[in-house]
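Take a look at the structure below.
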Amino acid sequence: MENRISLQSSSTRQICDSSSGDTCIDFLRLLFPGLQSNFLGGLNFKVELVISALSKIVEMGLLSDVDGRKKLVDVLASHCARLCLLSYVAGVVWLCLLSDRSFNGRTYFSENALLPGLVEGEFKNHRFASDFFWKLSTVPEGELSVTASQVIIDKMESIGLHTYHQNFTVHVPLHDMSEPSTITGMNIYGILRAPRIASTEALVISVPYKQGSNKGALALMLSFAEHCRKKSYWAKDIIFLVTDKDQLGMQAWLDAYHGLSNSYISSASLEGHSGSIQAALNLEFTHEKVSSFHVAIEGINGQLPNLDLVNTVFRLCRKERIPAALHTEGYHENLGTRADSVSSLVTMVMMMFYQASGRPTGNHGLFHRYRIEALTMRDSGVPEEHGRGFLTTGGVLEGVVRSLNNLLEPFHQSFFFYLLPESHRYVSIGLYMPPFGCLLLGPAIMAIVLWSSASAGPKSVANIEALQVGEVQGESPENTSDQQQCRGEMRGSGETKTVALDEKIAFLRYPPNIGSIVPLVLGANVAGVLLLFSADLGYKLGQVTGMDPLQSSHITMASCFAALILIFSTGRPSSSSPDEVTQRGHSIKKCGALVLFSVVMGAIAVMNFSFAFFVAMFQVPVYLFVYPSASRSRRIVQAFLLLMVSPPMILVHLLLAFNTITSNRDDDFGTVIASTLASANQAVTSSIREARMLGLWSFAMTCLAVLPNWFMFWCLAWD
Amino acid sequence: MAAVAVKIALSSLFLSVSLATEDAFHEELIMRPLSTGHVYAHFQFSTVWHVDVEDPKAFSHYKLFPKSLGQIINQYSVEELHLTLTQGKWPHELWGYPVVSAPPGTELWVFFKENIQKSVDDNWSGLTQALSGQFCASLNFIDSKTTTSPKLSFRREGVAFNADHLNSSLLRHAALAREIVCTENLTPWKKLLPCDSKAGLTTLFNSLLLYSVNYHSLGVHLRPICRDPSCSAFSLELVQSLSLVFDPVLRGGSKLDWSFKKLFGRAIKSACPLARTSKVYVDISRNKERHGLLKTDCQGEQIPKNSVVGSDNKSPQTVTSQRSAFIIGGEFYDHFVSIILNIDHLMTNHGTSVSLGSVWVPASCDNPSFFTCLLKQSGSLFTLAPEFSVVTRQMTSEYQQHFAVYDVKQWTLENPKDRSLNVAFKWKKRDNPGTPPQFYAQRFLTGYGEEKGGITSLLHNRHPTDPLSVVYFTTFPWFLRIFLHTLTIQSGGKDIKPDIMHFTPAKDRSRPYSLEFLITLPANSVTELSIQFNKVFLKWTEHPPDAHHGFYISSAVISTKLRNPLNYTGPSRQSSVLFSSLQSAASEEVFIRLHTSILLITLPTPDFSMPYNVICLTCTVVAIAFGSFHNLSSRRFEAVDQKDSKGPVGKFMEMLQKLKAKLFRKKEAASEKKKEN
């Protein structure tokens with residue numbers, strides 16, 4: 001290395017006279033803003049020497065390889081459009097391909113303590129279940145009445161569970177005038193104290209009451225409780241929980257169990273406690289016979305249970321010979337040889353739909369926030385003549401609970417981030433993140449190209465110097481005159497090389513005006529915050545003026561959105577031929593917006609991959625396309641495209657796709673559209689409500705992260 | 001056989017009379033059906049050794065007292081020792097109070113002698129190591145991180161030799177919640193008994209069945225006691241106890257009925273020949289409790305006159321216990337002293353069953369039909385076989401406790417043919433769940449996530465009129481950052497101020513937090529105590545095996561004095577025999593210590609399988625980023641004339657460059673030729 005330094009190229013030595021010495025100091029200042037004074041003061045060398053050495057290091061260093069960088073940027077700039085398109089297509093196709101068996105892996109057990117299906121099934125309590133099922137049939141369906149709750153409590157007590165109940169009241173936020181503003185309910189739970197442990201750990205088996213329609217699950221759960229009571233091997237307390245009012249009741253119970261307060265759900269404190277909950281199973285069978293299980297795993301805010309738990313359930317279903325599947329809605333048998341691939345793709349996409357919504361697909365989803373692994377097992381919902389009875393379903397339940405009973409440590413092995421194209425195939429986070437990165441590569445490339453173009457040296461020195469004098473930060477007039485003086489002296493052999501270095505470090509000389517993005521970002525984010533609170537504002541307004549508050553809040557939200565769109569799209573005159581400074585401004589704005597977009601999407605992808613992927617899938621091509629333009633037609637096209645990928649429209653697109661997949665084949669398109677619009681409306685309302693009651697992030701994430709980004713591009717389109 | 005038995009029985013009777021001043025051994029078993037259908041069995045084996053407690057040289061001749069333990073006690077100058085090894089949790093709200101309360105896991109608390117050789121801490125660590133070997137338990141994990149000296153909650157239970165007995169500097173307390181109890185602990189514990197498990201009540205110990213129970217607690221309690229009422233000399237008392245709670249349902253069949261054969265797999269066939277008393281008691285109070293007083297239910301039957309309290313003359317064995325007037329301690333903390341420190345002094349029993357205010361009625365008594373009536377009423381809850389005698393204990397003016405008594409020695413004498421005593425208990429109808437006791441507590445974790453959390457305790461005082469003063473003592477490991485300002489004590493929305501409070505903050509890796517305070521619970525209330533903490537990142541070597549399992553927080557200890565707790569049987573301060581303690585008078589207060597449940601808490605845990613990845617990542621970062629920075633900041637830059645000597649490497653490089661130039665030139669020439677062509 002010593003020698004390499006001594007072999008300094010003549011170019012550097014020659015350049016680094018006084019004129020480029022300033023440049024180098026500027027460069028140094030930029031590279032090490034904090035170090036500069038110490039560094040320069042500490043090394044007691046001639047400035048010239050330092051500069052020459054530094055410029056050498058700049059040339060050879062990995063972090064500051066100006067030459068290499070320039071080459072790369074040049075390549076990117078020349079193929080920008082193609083590269084962006086390619087990366088986008090590659091990203092989407094890659095992800096779709098992952099659903100195929102040749103690209104994903106077979107699931108396996110990471111946690112060896114589970115030992116699924118190792119013990120012999122002992123559950124023979126199906127008669128008890130059948131009896132109780134018929135007893136429940138005599139209880140009138142409807143809300144959890146006093147008689148119905150007494151039947152359940154009596155049964156639990158006669159089994160020998162420590163039985164408690166919990167009352168809760170829900171004050172529905174943004175409630176409709178036609179609905180009651182408060183909902184009351186009661187959860188019932190019985191704790192089976194494990195003989196082998198001092199109540200430090202627990203498992204939960206929960207059953208939503210569902211207006212009495214969930215009889216099969218209730219009967220099975222209690223018969224299983226009766227079975228468990230007679231066994232001495234339990235090393236974890238088992239909590240048998242009957243929740244009322246679906247997710248509200250579940251949330252009330254979980255809040256109370258963890259000693260949390262919720263301003264919308266006031267739940268009474270629990271009389272009986274157990275230890276930390278390790279896992280939970282939620283059961284929903286309407287009927288006595290079950291022909292196949294439907295396993296729902298997606299939890300709140302796209303959280304998923306540990307893959308080991310999912311595997312255990314599927315393994316035990318297979319052991320008991322009950323078919324179990326994830327999402328069967330889009331399955332069509334008449335696809336021929338490709339049926340498997342298509343159905344696994346559809347399954348994966350359905351899972352992504354559910355995950356993207358952020359809403360739990362069952363009561364299990366609420367457990368996930370507390371780091372309790374949970375999932376729901378459902379039946380198909382239609383009465384089955386030839387399904388399996390309680391003996392088999394009980395066997396599955398017993399097997400799963402005994403596996404969980406074996407756990408020494410809570411679930412921590414296996415995967416928490418995955419997609420499931422089939423019940424026994426998985427796509428891990430390591431596999432699905434690269435396609436997403438590919439998707440975001442386009443914006444990144446374009447941002448780099450724009451940055452380099454925004455900071456490129458002027459085409460002619462004189463022209464740019466005229467423009468830039470006084471604009472360049474930290475460059476005093478003396479410096480400029482110095483430079484000119486130097487340049488005058490330096491005519492001759494060194495001139496070409498000076499120009500070469502000038503080009504290399506042009507971005508230092510003419511740093512892009514990053515400050516120009518700040519008002520845009522600020523404005524867009526304020527708009528997002530405004531929209532976040534517009535729903536409440538409208539609701540209050542409706543209450544004051546006597547309108548239907550819910551409708552009023554919808555109207556306020558929509559009008560807020562419209563008003564913001566209008567505000568952002570007006571007031572800027574456009575000249576037909578923008579000067580260089582304006583172009584630079586545009587470049588830097590778009591560059592900033594793209595970088596922000598990539599960062600935000602990357603961050604969201606870690607929390608809720610599907611949400612980020614769908615949003616990016618819609619927005620990336622349009623964002624890449626949008627650029628301030630003088631052409632009227634282009635502006636209109638841009639505006640249209642932007643509106644099509646605005647967050648509300650993305651919601652509609654996704655719902656449309658979802659409804660198309662799930663609808664019957666004979667439904668005509670009109671009904672699908674109608675149901676889509678209705679459900680979009682419903683989705684917005686419920687996402688606001690559930691944000692308050694259950695802690696759903698979708699609405700806030702849209703308003704505070706996705707929408708500001710969109711506003712920035714909208715603004716750019718009209719610049 | 002019969003003759004031998006008679007001889008043994010006679011000789012033991014003789015022993016009990018003639019050797020009143022010799023070492024004594026008593027074995028007792030209390031069985032109590034709990035309202036949940038479970039059965040509580042409490043074995044108590046007490047050995048009294050008449051040794052000069054204060055003379056270390058006296059600890060050399062052993063008879064009944066176990067030598068291995070005696071040597072340890074002597075070596076480490078132990079004055080009082082209480083060790084419990086427990087599996088399972090005792091839910092007070094359902095089962096009432098146990099005879100001896102114990103937290104899940106291990107608890108050890110010890111008073112050392114004042115004239116101790118080394119420092120207390122040295123003796124403590126030596127003692128824990130020795131006991132660890134003695135009982136095959138992981139007591140050696142007790143170190144300064146778990147040890148505390150609570151000021152209020154623990155007091156000497158035996159004789160205090162000095163006036164400064166309130167000073168807790170000689171006390172060490174530690175609890176290990178993670179410790180698991182198994183047969184490996186039972187075996188050395190059994191070996192401390194004079195009869196091991198060869199004869200006597202210990203023959204019931206069937207390890208397989210003893211450990212498939214809902215609650216299992218081994219205890220060793222050692223204390224000095226007065227040898228006579230005047231307390232002129234002292235003795236050493238070792239009480240070994242085993243508490244079990246069986247679930248008859250788990251023993252086959254869905255019925256809650258039980259018998260010795262069902263619970264233990266065998267029956268009692270003999271008494272320990274060395275034992276002075278060998279008795280089995282079965283709590284039959286609930287039969288009566290439910291059906292009111294006998295007078296109304298058993299009309300027509302002759303009610304024995306001697307069952308009335310106070311008519312003690314007819315019972316030959318009744319001796320009124322004498323209480324020593326020696327009350328230790330001064331009135332330091334006003335009312336607190338009256339709660340906790342009012343330790344009545346001890347006296348020995350006189351080799352006979354002592355009872356106060358109660359009446360013994362032998363099985364061959366004046367009026368068997370009365371008790372037959374008691375159990376044969378149409379409304380009675382259960383039946384008990386075989387025939388038994390009854391001891392009655394007057395709790396309050398309305399409430400009495402009744403115990404069926406089987407004297408094993410007498411039984412083996414009277415039934416020479418079939419000597420096995422198999423007590424069988426049959427429910428006639430399902431018992432209704434009992435009411436929770438007057439005072440109980442719950443404790444649980446609040447919050448979620450790996451950053452912070454909280455602990456909430458609920459203290460229930462169910463007494464309709466009387467407020468209750470309790471001492472609450474809890475320790476937290478150092479890796480929970482407890483915030484004292486977040487401690488809230490509320491009852492019905494009102495803040496309660498602790499009357500006395502002691503708080504010792506933790507030191508990282510050397511001392512736990514300990515918090516102890518005295519509060520008064522309002523009558524008929526639920527008081528909520530809560531405190532918040534932050535969790536700490538541990539060093540990766542500090543995680544135990546099964547790191548993700550979590551960490552245990554040992555249980556809180558709550559001490560109080562209750563007036564007339566229903567259905568309570570506890571060890572006596574005055575007597576070595578369990579049953580003489582049943583006679584607490586109607587107005588007497590009983591000291592009660594409760595242990596809350598232990599808690600399992602997860603700390604942020606590193607992924608132990610990831611070091612490789614971390615190393616790779618770190619190396620990459622170092623190679624790329626740090627390399628150039630280091631290069632930049634550590635290199636000396638000098639101007640070198642290119643024409644100067646270049647050194648060997650420089651020359652070599654030059655040669656290479658020349659070679660390169662030649663090669664390239666050739667290639668270029670070739671390509672140019674091609675182009676030309």
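Labels below follow one simple rule: chain letters A, B, ... track the order of the sequence lines, proteins then strands, and each chain is numbered from 1.
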Hey, what do you get for [atom1] ([X]) to [atom2] ([Y]), rounding to the nearest 0.5 Å?
X: B:Lys89; Y: A:Ser274; atom1: NZ; atom2: OG; result: 7.0 Å
X: B:Asn214; Y: A:Arg193; atom1: CG; atom2: CZ; result: 11.0 Å
X: B:Tyr448; Y: A:Ile372; atom1: OH; atom2: CD1; result: 11.0 Å
X: A:Arg229; Y: B:Leu250; atom1: CZ; atom2: CG; result: 6.0 Å
X: B:Thr602; Y: A:Gln278; atom1: OG1; atom2: CD; result: 9.0 Å
X: A:Arg371; Y: B:Glu450; atom1: CZ; atom2: CD; result: 5.5 Å

Under a 4.5 Å heavy-atom cutoff, which of A:Tyr370, A:Phe411, A:Tyr257, A:Tyr233 has the most pairs with chain B?
A:Tyr370
Residue selection (most heavy-atom pairs with chain A, distance under 4.5 Å) from B:Gly88, B:Pro104, B:Ser555, B:Gly449
B:Gly88
Above 12 or not: heavy atoms from other molecules or residues under 6.0 Å from [atom1] of [X]?
X: B:Ile180; atom1: CD1; value: no
X: A:His165; atom1: NE2; value: no
X: A:Trp697; atom1: CH2; value: no

Under 4.5 Å from any heavy atom of chain A, what part of [X] do you find: side chain, backbone, both or neither?
X: B:Ile598; result: both
X: B:Ile601; result: neither
X: B:Val245; result: neither
X: B:Thr456; result: neither
X: B:Tyr552; result: side chain
X: B:Asp607; result: neither

Without swapping roles, check the side chain of B:His549 against the backbone of A:Leu408 for a donor-acceptor pair under 3.5 Å.
yes
What heavy-atom pair brings A:Glu409 and B:His548 nearest, and what distance separates the two atoms?
OE1-N, 2.9 Å
Check B:Leu600 against A:Glu201 and note the closest heavy-atom contact, atom names and distance.
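Closest approach of B:Leu600 to A:Glu201: CD2-CG, 3.4 Å.
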With a 4.5 Å cut-off on side-chain heavy atoms, are A:Arg196 and B:Ser212 touching?
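Sidechains of A:Arg196 and B:Ser212: in contact.
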Decide yes or no for B:Thr605 and A:His412: does some side-chain heavy atom of the first lie under 4.5 Å from some side-chain heavy atom of the second?
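In short, these two side chains do not touch, never coming nearer than 4.5 Å.
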Can you label the angle between the B:Phe444 ring and the A:His273 ring as parallel, tilted or perpendicular, going by 30° and 60°?
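B:Phe444 and A:His273: parallel rings.
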Counting only heavy atoms closer than 4.5 Å, note whether [X] contacts chain B via side chain, backbone, both or neither.
X: A:Ser276; answer: side chain
X: A:Glu157; answer: backbone
X: A:Ser158; answer: backbone
X: A:Gln413; answer: neither

